[in-house]
Structures are given as structure tokens and as C-alpha cells.
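If you read the sequence from its start, that first residue is 1, and numbering goes on from there.
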Amino acid sequence: MSPLPLVASDLDRTLIYSSAALAIAGPDERAPRLLCVEVYEHKPLSYVTEDAARLLTELKSAAVFVPTTTRTRAQYRRVRLPGPPSRFAICANGGHLLVDGASDQDWARAVAARIAAECAPLEEVTAHLRATADPRWLRKERTAEDLFAYLVVERDALPEQWVKELAAWAGPRGWTVSLQGRKVYAVPKPLTKSAAVREIARRTGATLTLAAGDSLLDADLLLAADAAWRPGHGELAEAGWLAPNTEALAERGVVAGEEILRRFLARAAR
Ligand SMILES: [Mg+2]
């Protein structure tokens, strides 16, 4: 029997959407019905459409579905996707490869060693962020899994130039900068979703890999796949990012998540 295709999908603003990211168009009475898939501090936080929930459940029997996220493990565990639990998941942008919910220690060690060898330490980056971020637009400063840092910002007040300067500072130090909604991420370059996906493909023997994502941190994931999709919104769409293997969808917001699942399913079932 040939191995199932591997489907590696980003979560936030690709498959699941906060109310601020739903971008529901048209009259309210025709809005898609939504299913809440994440509760945070007793309040609903993330949604998929009801049709997306059905498609995802179907996809999980046609493919090895791998949630592939920059979220920390704790943030990921709050997300309760429809269908049976995934055997594999990728958290912390590739820093943690979960197998049946537990982080693969060998993988985590190998990633940490590579980062230590190739990148400026996290402390240097957080010190720089602290020294240059302006309290007028900075809301929170966080590190994730001792691997990378992110800021929560007031997007309207955040100067574009500051992000550019941060990226120029971070690049030679082996770090990448990504702006996603209200968050500015600084992530070590070797910390990639694609490396973790390749490892899972090796373990499952998958010969076809499909992917989807909306942000700069997903670009390597999309490029590493045999076929990929990106929504009509997000950092990649805004940058006009295109690749020969990646279809740029017109759909924006939560319906883009539904369309991505439709494309995954059509391709995986071929
Ligand atoms: Mg995303």
C-alpha cells in the first residue's frame, strides 16, 4: 500500500481565525456558520467554518494531517481541531515535533544545537528588542519555548521603518523578522517548519507533501512542498509573494481556510 500524502498546514490565519481575522464579506444573513476551535481565558478565540470542520475531518482519513504552527506547545494544545487527533504536530516554528502529543527530544536537541552554532543568542535579540521598541506601540514582549521572541504591538502606531531596521539588524545575526497581525516575530533562521516537515515525511515515507500558510515564516514550508496554497490575505499576499508550486487563492479570511482544505482534499484524494 502506498503511503498517505502528508498535509502540513499552518494554523492561524490559514486554517483557524480569530474574530478580528474572519473578514466575513457580504450580508450577515449569508455569513457562514462558525465552529469555535479555541477558548482562551474562558472566551472563544479561534474559529473555522462548519464546512471547513467537515472537510478537515474528511482530510484526516485521506492524508497524514500535520498542524504546523509557530505557536508554543501550550498555545497549540488549546486548539481543538475537528476530527481525530493528529499523530504528528509541529510547534514553535519547527522547534518541537510532537508525536502523539509528546515532544521528540532528539529533534528538539538537534534543532537547539543548530541554532546555538549558527545564530546570535536569544538574549541578544530580546535585549535589542527591549532597547529599540517604543512603549507608545509596544503592548507585550514575550519569548517562546526559549527559542524565539515576539512582540505584541499596536499595529496602527507601529512604524514600518522600525520593522525594516529590525530585519536589517537581525539578518546578519542569523535571525528572521515576520510581522503577522499584531505580532512581530524574531525567529532564528534554522528554526523552520520545512525541516520538521521533512523529518515527518521521512518517518511516514510520504512521497507527496502538500502545504499551506499565510506568513513569511511559512514561505519555506510552501517551497518545500510538492504543491501549496496561500490565502488572499496575510503577509505573503501583501508582499505579492509567489512561487511556481504555490497557488495564490483569491479568498480572504475564514473562507480561505475552507477553500484551502477543499484543495488539500482534492489533491490528496487524486
Ligand atoms: Mg499564520
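Using a cutoff of 4.0 Å between basic side-chain nitrogens and carboxylate oxygens, Glu258 and Arg262 are scored as salt-bridged. Using a cut-off of 4.0 Å between Lys/Arg side-chain N and Asp/Glu carboxylate O, Arg71 and Glu38 are scored as salt-bridged. Salt bridge Arg198/Asp220: absent, no basic N to carboxylate O contact under 4.0 Å. Ion pair Glu141/Arg130 flagged as a salt bridge, since at least one NZ, NE, NH1 or NH2 atom sits closer than 4.0 Å to an Asp/Glu carboxylate oxygen. Between Asp10 and Lys193 there is a salt bridge, since a side-chain N of the basic residue sits under 4.0 Å from a carboxylate O of the acidic one.
Hydrophobic clustering of Ile, Leu, Val, Met, Phe, Trp and Tyr side chains at less than 4.5 Å, counting indirect connections, unites Val99 with Leu4. Under the 4.5 Å side-chain heavy-atom criterion for ILVMFWY residues, a single connected hydrophobic cluster contains both Leu138 and Trp169. Leu56 and Tyr17 are not part of a single hydrophobic cluster, where members link through side-chain heavy atoms under 4.5 Å apart. In the hydrophobic clustering of this structure, Val37 does not group with Leu34; members are Ile, Leu, Val, Met, Phe, Trp, Tyr whose side-chain heavy atoms approach within less than 4.5 Å, directly or through other members. Leu129 and Leu216 fall into different hydrophobic clusters, where Ile, Leu, Val, Met, Phe, Trp and Tyr residues are linked whenever their side-chain heavy atoms come under 4.5 Å apart, directly or through other members.
Counted by atom type alone, Gln180 and Ser215 present one or more donor-acceptor pairs between their side chains at under 3.5 Å.
The shortest distance between side-chain heavy atoms of Leu97 and Glu199 falls below 4.5 Å. Looking only at side-chain heavy atoms (C-beta outward), Arg54 and Glu50 stay at 4.5 Å or farther from each other.
Test Arg203, Arg109, Arg73 against Asp104 for salt bridge (charged side-chain N to carboxylate O under 4.0 Å, His left out) and you get one pass: Arg203.
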Derivation of the salt bridge (charged side-chain N to carboxylate O under 4.0 Å, His left out) call for Arg263 and Glu251: CA-CA 12 Å; Arg263 303 300 177 104; Glu251 286 82 359; 5.3 Å; no
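For Phe148 and Trp175, the gap between ring centers reaches or exceeds 6.0 Å.
Within a 6.0 Å sphere centred on CZ of Arg139, heavy atoms belonging to other residues, nucleotides or ligands number more than 12. Atom CD of Glu160 has 12 or fewer heavy atoms from other residues, nucleotides or ligands within 6.0 Å.
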